[in-house]
2 protein chains.
Amino acid sequence: MKNSQLYKGSLNTIIMKLLEENGKMYGYEITQKVKLITQGELNITEGALYPALHKLEAEGLLDVEIEKVDNRMRKYYKLTETGHKETVNRLSELEDFIRNMQSLVNPKPSLEF
Amino acid sequence: MKNSQLYKGSLNTIIMKLLEENGKMYGYEITQKVKLITQGELNITEGALYPALHKLEAEGLLDVEIEKVDNRMRKYYKLTETGHKETVNRLSELEDFIRNMQSLVNPKPSLEF
DNA sequence: CAAATATACATAAGTTTCTTATACATAATA
DNA sequence: TATTATGTATAAGAAACTTATGTATATTTG
């Protein structure tokens with residue numbers, strides 16, 4: 001996605017969160033949305049995105065709907081019911097993760113001084 | 001490290017931050033410290049930790065100092081000068097990462113309402 | 001006292017997730 | 001007319017991990 005390794009493992013959660021928010025999205029749209037939200041800092045590559053979408057679909061978390069817009073193909077993805085439930089878990093894990101990382105980076109000062 | 005994939009890619013940064021804070025630490029100590037700080041949520045496995053330490057050492061970011069305590073070997077690691085400089089960069093990247101992930105999870109409400 | 005747990009390091013095989021490169025196709029812009 | 005933008009896809013390889021195993025000593029528990 002970017003130079004920083006930190007984003008490794010977070011792509012699925014990002015995709016699912018965006019789909020929960022926007023109902024349905026297509027791949028290219030996801031890359032642009034992420035670029036916008038992160039002000040250009042996070043660029044999802046196709047080589048990461050499409051396999052991830054296919055896998056989430058294979059796992060039954062996403063449904064696909066193909067449309068043709070301006071003579072170009074679009075594959076819209078949306079969360080299945082299972083996908084919705086799983087998204088709740090993933091976001092909860094993400095919050096824990098962020099909290100833990102902040103504890104590590106910004107530890108509470110020792111009580112002895 | 002744990003069930004959640006999110007921690008993937010953050011191990012090096014965690015190690016370097018802890019070393020910056022504590023001067024020198026040995027492997028097992030790092031695992032226990034992380035467990036403590038995250039209240040048991042993040043358990044670094046040896047299979048992840050030791051290769052990571054060896055790689056950071058090979059990259060010239062860490063120095064090693066072997067000690068024998070209670071008849072048991074300990075390999076203390078500490079940041080080199082280069083390692084200190086690199087830690088600053090990594091922590092800055094981590095802050096950007098956390099900020100971006102929070103923007104994705106908790107987007108600013110639209111101005112139109 | 002024996003067995004299990006804690007301390008301490010290490011590596012090898014396999015999996016997952018990503019990067020990099022390539023491929024195809026149409027629309028819009030320079 | 002050539003490049004950029006839009007849109008999807010896959011294959012080869014790298015990187016970071018999990019899981020399993022191995023070695024060794026110290027401490028605690030039954």
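In what follows, chains carry the letters A, B, and so on, assigned in the order in which the sequence lines appear, proteins first and then strands, with residues in each chain numbered from 1.
In this structure, B:K68 does not reach the D:dT25 phosphate: none of its side-chain N or O atoms is under 4.0 Å from OP1 or OP2. Residue A:R74 has a polar side-chain atom (N or O) positioned under 4.0 Å from OP1 or OP2 of D:dG7. Distances shorter than 4.0 Å separate none of the side-chain N or O atoms of A:Y50 from OP1 or OP2 on D:dA9. Contact check, B:K75 against C:dA10: a side-chain N or O comes under 4.0 Å of OP1 or OP2. Phosphate contact (OP1/OP2 of C:dT17, side-chain N/O of B:Q5, threshold under 4.0 Å): present.
In the set C:dC18, C:dT11, C:dC9, the nucleotide with an atom closest to the side chain of A:L11 is C:dC18. Counting only heavy atoms from C-beta on, B:N12 has its side chain closest to D:dA16 among C:dA6, D:dT8, D:dA16. With distances taken from any side-chain atom of B:T45 to the nucleotides C:dT17, C:dT11, D:dT19, the minimum falls on D:dT19. The side chain of B:Y26 lies closest to C:dC9, out of C:dC9, D:dA26, D:dA9. Among the nucleotides D:dA16, D:dA26, D:dT10, the one closest to the side chain of A:H54 is D:dT10. Comparing D:dT25, D:dA9, C:dT11 by their nearest atom to the side chain of B:R72 picks out D:dT25. Closest approach to the A:K8 side chain among C:dC9, D:dT10, C:dC18 is made by C:dC18 (side chain taken as heavy atoms from C-beta onward).
Nucleic acid contact class of B:E29 (heavy atoms, under 4.0 Å, all strands): none. Within the 4.0 angstrom heavy-atom criterion, base atoms lie near A:G47.
Between B:Y77 and B:L19 the shortest heavy-atom distance is O-CD2, 3.2 Å.
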